Structures are given as structure tokens and as C-alpha cells.
Enquirer: 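Could you have a look at this structure, given as C-alpha cells, before my questions?
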Amino acid sequence: MPKQSRNNEKSTASKKAPKKTSKKPPAKKPVKTVETAADTDENGKRGAKSQFANKVLPYLADIERYIHYGVTEGDICKYYGVGKTQWAQYKKDYPELTETLCRAREAQKGDLIDNAYRVAMGYYYEEVETSTVMIDGKPCIKTKTVRKYSKPDAGMIQFLLINRFTAEFARDPQAVELRKKALELAEQGKFPRDGWEGL
């Protein structure tokens with residue numbers, strides 16, 4: 001009988017070895033939790049708060065102030081870590097955000113118009129001047145408040161007259177009249193034959 005190699009012995013020995021059985025640990029019973037107000041959102045839905053509730057809702061007053069002072073929505077998105085598409089979705093889904101942004105823009109517009117009128121009409125302002133004076137060989141800083149007057153700005157006057165009272169102060173009154181007629185014809189469905197869009 002020919003001798004078998006040792007490799008064959010090992011392979012047959014491993015085939016005959018009994019399989020080890022392991023005991024599984026007993027399954028854990030689910031833990032019952034008590035729902036709290038923090039587990040539900042403003043609509044009464046259970047689960048984690050939305051990103052809006054975490055990133056935007058607590059800061060609506062700050063966002064209103066930032067928009068009022070001229071910060072762009074893109075900068076606000078970067079600051080609060082919200083993507084631009086997600087921000088647009090928030091504006092559609094949450095009316096409180098849209099109302100806040102509109103309110104801030106209206107306040108900003110009011111401030112800009114007030115300042116434009118103030119510049120156009122002229123205004124008084126105070127300026128603090130500091131100077132260093134030597135008293136008994138020691139330098140002392142003196143401050144003096146000076147009231148100054150800023151003259152009316154002719155450019156701002158012209159801008160406000162042209163844009164606020166177009167019918168009376170337009171640079172080209174005929175062009176304004178032609179545009180009005182073209183818009184009336186467009187509303188009636190009658191378009192001029194010679195390209196009125198360039199008016």
C-alpha cells in the first residue's frame with residue numbers, strides 16, 4: 001500500500017473535527033421611553049428636530065437684524081451652515097422665515113430712503129476732534145465735539161427727482177410716454193409692428 005502524504009492526513013482530520021456550537025446571548029427586551037415635549041416638533045411630530053429648528057429658528061431675530069443692515073442671504077447661509085437650496089426650501093416651507101426676511105428688507109428700504117432724503121436736503125452732524133496738548137511738560141489729550149453741516153447733494157437730488165417723479169423730471173419724457181403706450185398696447189394684445197421692446 002502506498003504511503004499517504006501528511007497533507008492528506010491533515011485535510012481529512014480537519015473534515016472530521018466536530019463543529020463548535022456557541023450559545024447566543026438572550027435577546028434584550030426593548031426599553032420603553034417616555035415621550036417628552038423635546039421629542040416632538042412644533043407640528044406634534046415625533047423624532048429628532050429638523051435642521052430648520054436647530055440652525056435657523058432660534059436665530060430669526062438675529063437674521064432679521066443682519067438683513068436690515070445689508071448682509072446678504074448667501075452670507076447668512078454660510079454663517080449658519082445651511083446650503084442655498086436648503087435655504088430656498090426653508091423659505092417655501094416656513095412662512096415665519098419669509099415674513100422675517102420681508103420685514104427686514106422693508107425696514108432696510110425705509111432707512112435707505114430716509115438717508116437718501118437726508119443727503120439730498122443737507123444735514124447737521126457732530127464730529128469729535130482729538131488733539132494732544134502739553135501741560136506742565138506732560139502730554140494731555142483733549143477732545144472737542146464740533147457740529148458741522150453737510151450741504152445738499154445735487155446728485156442725490158437729481159436721482160430722487162428722476163426716480164420718484166418720473167413723469168415730471170424724466171431725462172427723456174417722450175421715451176417715457178412711448179413706453180407707457182407700448183405697455184397699454186401689450187395689455188390689450190396689440191403689439192406695434194416696429195419692435196417696441198427697444199423703447
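Worth saying up front: this structure is predicted, and the values here are computed from it rather than measured.
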Enquirer: His68 and Asp111: side-chain contact (heavy atoms from CB on, under 4.5 Å), yes or no, with the steps?
Expert: CA-CA 9 Å; His68 181 124; Asp111 287 351; 2.5 Å; yes

Enquirer: Distance from Leu183 atom CG to Leu178 atom CG, nearest 0.5 Å?
Expert: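 Leu183 CG to Leu178 CG: 11.0 Å, rounded to 0.5 Å.
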
Enquirer: At what distance, to the nearest 0.5 angstrom, does CD of Gln108 lie from CG of Leu101?
Expert: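 Here the rounded value is 11.5 Å.
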
Enquirer: Should we count CZ of Phe169 as having more than 12 external heavy atoms under 6.0 Å?
Expert: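 For Phe169, atom CZ is crowded (more than 12 foreign heavy atoms under 6.0 Å).
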
Enquirer: Below 4.5 Å, heavy atoms only, C-beta onward: do Tyr80 and Ile63 meet side chain to side chain?
Expert: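 Yes. Closest side-chain heavy atoms under 4.5 Å.
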
Enquirer: Do you know the tightest heavy-atom contact between Gly83 and Cys77?
Expert: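 What the structure gives for the nearest pair is O-SG, 4.4 Å.
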
Enquirer: Closest approach of Lys84 and Gly74, non-hydrogen atoms and distance?
Expert: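 The answer is CE-CA, 4.3 Å.
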
Enquirer: Would Lys148 and Glu126 pass as an ion pair if we require N to O under 4.0 Å?
Expert: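 No salt bridge links Lys148 with Glu126.
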
Enquirer: Quick check: is Met156 connected to Ile113 through a chain of hydrophobic side chains (ILVMFWY, heavy atoms under 4.5 Å apart)?
Expert: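 Yes: a chain of side-chain contacts under 4.5 Å links Ile113 to Met156.
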
Enquirer: Verify the cluster assignment for Tyr69 and Tyr79: are they in a single hydrophobic cluster under the rule of side-chain heavy atoms below 4.5 Å apart?
Expert: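 No, no single cluster joins them.
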
Enquirer: Please report the C-alpha distance between Tyr59 and Asp62 in whole Å, then the side-chain angles of each, then the deciding distance to 0.1 Å, and finally whether the side-chain contact (heavy atoms from CB on, under 4.5 Å) criterion is met.
Expert: CA-CA 5 Å; Tyr59 307 106; Asp62 294 336; 4.0 Å; yes

Enquirer: Take a 6.0 Å sphere around CD1 of Ile135 and say whether it holds more than 12 heavy atoms from other residues, nucleotides or ligands.
Expert: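 Yes, because the 6.0 Å sphere around CD1 of Ile135 holds more than 12 heavy atoms from other groups.
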
Enquirer: Salt bridge check, Lys109 against Glu106: does any charged N sit closer than 4.0 Å to a carboxylate O?
Expert: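 Answer for the salt bridge query: yes.
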
Enquirer: Let me see the working for Arg118 and Tyr125 under side-chain contact (heavy atoms from CB on, under 4.5 Å), right down to the final yes or no.
Expert: CA-CA 11 Å; Arg118 192 169 65 97; Tyr125 64 98; 5.6 Å; no

Enquirer: In terms of hydrophobic clustering (I, L, V, M, F, W, Y; side-chain heavy atoms under 4.5 Å; direct or indirect links), are Ile157 and Tyr117 co-clustered?
Expert: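 In one cluster with Ile157: Tyr117, no.
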
Enquirer: For Leu60 versus Thr100, what's the shortest heavy-atom pair and its separation?
Expert: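 Smallest heavy-atom distance, with atoms named: O-CG2, 3.6 Å.
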
Enquirer: With side chains defined as the heavy atoms from C-beta onward, is the minimum distance between Val56 and Trp87 less than 4.5 Å?
Expert: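 The answer is yes; the side chains approach within 4.5 Å.
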
Enquirer: Would the distance check show the side chain of Asp136 and the main-chain N or O of Lys138 forming a donor-acceptor pair, the cut-off being under 3.5 Å?
Expert: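 It does not hold such a pair.
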
Enquirer: Mind checking whether Gln86 and Phe52 have side chains closer than 4.5 Å, heavy atoms only?
Expert: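 In short, these two side chains do not touch, never coming nearer than 4.5 Å.
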
Enquirer: Would you name the heavy atoms of Ala53 and Pro58 that are closest together and state the gap between them?
Expert: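 Closest heavy-atom pair between Ala53 and Pro58: O-CD, 3.2 Å.
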
Enquirer: How far does CG of Asp75 sit from OG1 of Thr72, to the nearest 0.5 angstrom?
Expert: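 Between atom CG of Asp75 and atom OG1 of Thr72 there are 3.0 Å.
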
Enquirer: If you look at every heavy atom in Leu160 and Ala116, which pair is closest and at what distance?
Expert: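 Leu160 and Ala116 have their closest heavy atoms at CD1-O, 3.8 Å.
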
Enquirer: Just do the side-chain contact (heavy atoms from CB on, under 4.5 Å) check on Thr85 and Gln89 with the steps written out, would you?
Expert: CA-CA 6 Å; Thr85 54; Gln89 190 63 41; over 6 Å; no

Enquirer: If you take all heavy atoms of Asp93 and Pro95, which pair is closest and at what distance?
Expert: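 Result for this residue pair: O-CD, 3.5 Å.
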
Enquirer: Shared ILVMFWY cluster between Met121 and Phe159, side chains joined below 4.5 angstrom?
Expert: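 Unlinked, Met121 and Phe159 end up in two clusters.
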
Enquirer: When you measure from the side chain of Lys144 to the backbone of Val128, do you find a donor-acceptor pair of N or O atoms at a distance under 3.5 Å?
Expert: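 Not a single qualifying donor-acceptor pair exists.
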
Enquirer: Is there a path of hydrophobic side-chain contacts, each under 4.5 Å between heavy atoms of I, L, V, M, F, W or Y residues, that connects Val71 with Leu97?
Expert: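 Yes, one cluster joins them.
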
Enquirer: Hey, are the side chains of Ser131 and Val133 touching, using non-hydrogen atoms and a 4.5 Å cut-off?
Expert: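 A side-chain contact under 4.5 Å exists here.
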
Enquirer: Within the structure provided, determine whether Leu57 and Tyr94 are in side-chain contact (heavy-atom separation under 4.5 Å).
Expert: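 Answer no - side chains too far apart.
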
